[in-house]
Amino acid sequence: MKLDFSSYPVIDHHSHPWSKDTKEITKELYISIMNMGGLSSKEARDPENVAHAEFTPMGRQILHLLAKFLGCSSDLTSVIEARNKSSRGDYRRYCEELFKDANIEGLFVDDGYSEVSVASSLAKREFEDFENISPVPIRRVARIEPRFQSAVDDSKDFEDFVSRFDDSIEYAVRNQKAIAFKSIIAYRSGLHIDKPEEEAVRRDYAISKATRIRDVKHIRDWYARRVISKCPELGTAFHAHCGFGDVDVVFDKCNPSQLYDLLKDQETWKTKIFLIHGGYPFSQEAAFFANALKNVYVDLSEMIPFASIPGAMEKTLQILDLAPPARVVFGSDGIVIPEVHWAGAKIGRQVLENTLAKFVETGVYDEDESHTAAKMILAENARRIYKPW
Ligand SMILES: [Zn+2]
């Protein structure tokens with residue numbers, strides 16, 4: 001059974017900006033982003049790290065696709081040389097060609113960066129700068145944690161903090177065209193989001209003001225719930241990073257199963273909540289919520305293209321095993337260079353073709369239904385839910 005979804009456009013539900021300084025790239029830069037969390041530029045020059053990182057499934061599968069696109073052999077040196085030859089003249093045009101090749105309609109872009117550590121791999125990049133270089137329309141997904149930290153840093157007391165935080169959330173929608181909020185609480189105090197008492201939240205405010213530490217659970221649980229409760233009136237969705245990511249994720253509290261108390265609480269049911277990265281590798285837990293709760297959705301980013309293609313097929317099968325296709329969206333977690341977004345779209349279609357073929361072979365869907373499901377996942381769900389353009 002061979003399905004072909006190559007003509008269906010893609011909306012990338014979760015991605016990050018690249019910068020115009022990537023007009024030309026080095027082998028070290030390429031290697032440094034081909035694993036989860038990336039390597040620092042110093043680590044990427046260490047020959048031992050290079051020897052290991054050069055052969056990640058992600059690195060190889062993108063090189064093979066690029067070799068085909070650029071018409072060169074698939075070794076790292078040839079691909080980087082051919083890429084720079086094509087991109088150094090008119091970078092925007094090169095990006096346009098890439099995006100046309102992968103039929104990418106638009107990107108939802110997480111404007112976040114690390115608010116607690118400058119050493120983090122995600123540098124601050126202005127969304128507005130990216131708007132000028134992106135070859136397709138983009139929409140902002142506003143990261144909550146930097147807005148929380150600024151409200152703490154700039155406030156004179158707790159009441160002032162609450163009003164600054166609320167203002168920053170409303171400002172993101174009214175003045176910065178945010179279509180969703182994203183929390184990386186899985187990197188701060190973990191996904192088990194409670195209902196904290198006010199006294200505990202005030203205590204955490206004082207600790208955060210004095211230390212800016214990551215682990216102030218009560219006030220983080222408070223801001224997550226506060227934003228979720230505001231989403232319906234603001235017309236936005238809520239995105240939660242779930243599952244693996246950089247090594248500083250709170251490893252024992254990043255499984256989406258930790259969201260059970262929050263998600264079963266009816267106070268959250270009016271908000272569309274997206275489990276980002278399909279909860280990778282905890283795909284079945286994410287899929288359960290998207291099956292059981294009609295406001296919960298799963299996003300396929302990061303595992304496509306950061307995991308291998310066969311691995312992503314297995315996880316996508318687990319997701320579609322339970323989650324209705326109307327509650328699954330494609331995403332790439334594309335980062336640093338546009339080739340990750342491009343490869344994500346191409347690999348995403350390939351993964352869906354192979355996964356949905358199994359559904360057709362076994363009589364779950366007929367062929368038409370598999371095409372309907374693919375179109376929904378690749379772009380139609382995002383278009384219907386967000387009406388982004
Ligand atoms: Zn991301």
Side-chain angles (χ1 to χ4, degrees), residues 2-12 15-35 38-39 44 50-107 130 133-136 138 301 303-313 330-354 357 374 378-379:
K2 183 94 186 88
L3 296 170
D4 180 2
F5 301 149
S6 58
S7 62
Y8 302 143
V10 150
I11 294 178
D12 191 335
S15 68
H16 300 275
W18 63 84
S19 112
K20 51 180 187 299
D21 334 322
T22 53
K23 187 176 184 155
E24 286 192 55
I25 60 171
T26 57
K27 286 195 268 185
E28 287 74 21
L29 179 85
Y30 181 84
I31 286 171
S32 74
I33 51 180
M34 292 299 143
N35 56 37
L39 298 171
V50 170
H52 296 181
E54 190 173 346
F55 227 72
T56 61
M58 178 191 187
R60 293 312 304 172
Q61 67 202 15
I62 297 182
L63 280 184
H64 288 303
L65 286 170
L66 272 172
K68 215 163 152 196
F69 178 71
L70 296 164
C72 63
S73 64
S74 65
D75 62 282
L76 182 60
T77 308
S78 305
V79 169
I80 299 300
E81 262 174 35
R83 189 272 192 195
N84 287 339
K85 203 171 148 210
S86 299
S87 61
R88 74 166 68 93
D90 184 342
Y91 192 29
R92 197 192 157 91
R93 185 134 155 245
Y94 171 74
C95 294
E96 273 166 14
E97 279 163 15
L98 271 181
F99 274 50
K100 213 171 123 208
D101 177 64
N103 198 359
I104 299 173
E105 175 178 320
L107 304 175
F130 186 56
I133 61 167
S134 170
V136 292
I138 63 171
S301 64
M303 71 171 179
I304 298 171
F306 284 68
S308 71
I309 296 167
M313 279 157 49
F330 165 78
S332 71
D333 207 15
I335 195 161
V336 185
I337 55 172
E339 286 84 354
V340 184
H341 308 67
W342 165 82
K346 294 181 83 84
I347 291 171
R349 284 195 194 87
Q350 187 184 348
V351 165
L352 285 175
E353 284 162 0
N354 284 287
L378 290 168

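Just so we're clear, the structure is a prediction, and the values are computed from it rather than from any experiment.
- Ile337 contributes atom CD1, which lies 7.5 Å from atom OG1 of Thr22 (distance to the nearest 0.5 angstrom).
- Distance OG/Ser74 to CD1/Ile62: 13.5 Å, rounded to 0.5 Å.
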### Message
Quick one, Ile31 with Leu76, criterion side-chain contact (heavy atoms from CB on, under 4.5 Å). Give me CA distance, side-chain angles, the key distance, then yes/no.
### Response
CA-CA 9 Å; Ile31 286 171; Leu76 182 60; 3.6 Å; yes
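- Minimum interatomic distance between Ser7 and Asn103 (heavy atoms only, all atoms of both residues): O-ND2, 3.3 Å.
- Tyr94 contributes no side-chain N or O that, together with a main-chain N or O of Arg88, makes up a donor-acceptor pair within less than 3.5 Å.
- Here the closest non-hydrogen pair linking Ser15 and Asp12 is CB-OD2, 3.9 Å.
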### Task
Give the intermediate values and the outcome of side-chain contact (heavy atoms from CB on, under 4.5 Å) for residues Lys27 and Thr77.
CA-CA 7 Å; Lys27 286 195 268 185; Thr77 308; 3.3 Å; yes
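- When all heavy atoms of Leu98 and Trp342 are compared, the pair lying nearest together is O-CD1, 2.9 Å.
- Under a 3.5 Å cut-off, the side chain of Ser87 and the backbone N or O of Glu24 do not form any donor-acceptor pair.
- Looking at Leu352 and Tyr8, their side chains never come closer than 4.5 Å, going by heavy atoms from C-beta outward.
- Under the 3.5 Å distance criterion, the side-chain polar atoms of Arg349 are left unmatched by any main-chain donor or acceptor of Leu378.
- The main-chain N or O of Gly59 is found under 3.5 Å from a side-chain atom of Tyr30 such that the two form a donor-acceptor pair.
- Atoms NZ and OG, on Lys346 and Ser332 in that order, are 14.0 Å from each other to the nearest 0.5 Å.
- When all heavy atoms are compared, the tightest approach of Tyr91 to Pro338 is OH-CD, 3.1 Å.
- Shown here for Ala357 and Leu3, the closest heavy-atom pair between the two residues is N-CD1, 3.4 Å.
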### Task
Applying side-chain contact (heavy atoms from CB on, under 4.5 Å), run through Ile347 and Leu65 and close with a yes or a no.
CA-CA 9 Å; Ile347 291 171; Leu65 286 170; 3.8 Å; yes
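- Distance alone, capped at 3.5 Å, is enough to place a donor-acceptor pair between the His341 side chain and the His16 backbone.
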### Task
Mind running side-chain contact (heavy atoms from CB on, under 4.5 Å) on Phe306 and Val340 for me, showing each step along the way?
CA-CA 9 Å; Phe306 284 68; Val340 184; 4.1 Å; yes
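- Of the possible donor and acceptor atoms, none in the side chain of Glu339 sits under 3.5 Å from a partner among the backbone N and O of Leu66.
- In summary, Glu96 and Arg92 engage in a salt bridge, as defined by a charged side-chain N under 4.0 Å from a carboxylate O.
- Once rounded to the nearest 0.5 Å, the distance linking CD1 of Ile309 with CG of Asn354 reads 9.0 Å.
- A salt bridge links Arg93 with Glu97; the closest basic N to acidic carboxylate O contact falls under 4.0 Å.
- Relative ring orientation between Phe130 and Trp18 is described as perpendicular, the plane-to-plane angle rising above 60° on a 0-90° scale split at 30° and 60°.
- At distances below 3.5 Å, at least one donor-acceptor pair connects side-chain atoms of Asn84 with backbone N or O atoms of Ile25.
- Looking only at side-chain heavy atoms (C-beta outward), Cys72 and Arg83 stay at 4.5 Å or farther from each other.
- With a 4.5 Å cut-off on side-chain heavy atoms, Ser86 and Leu70 count as touching.
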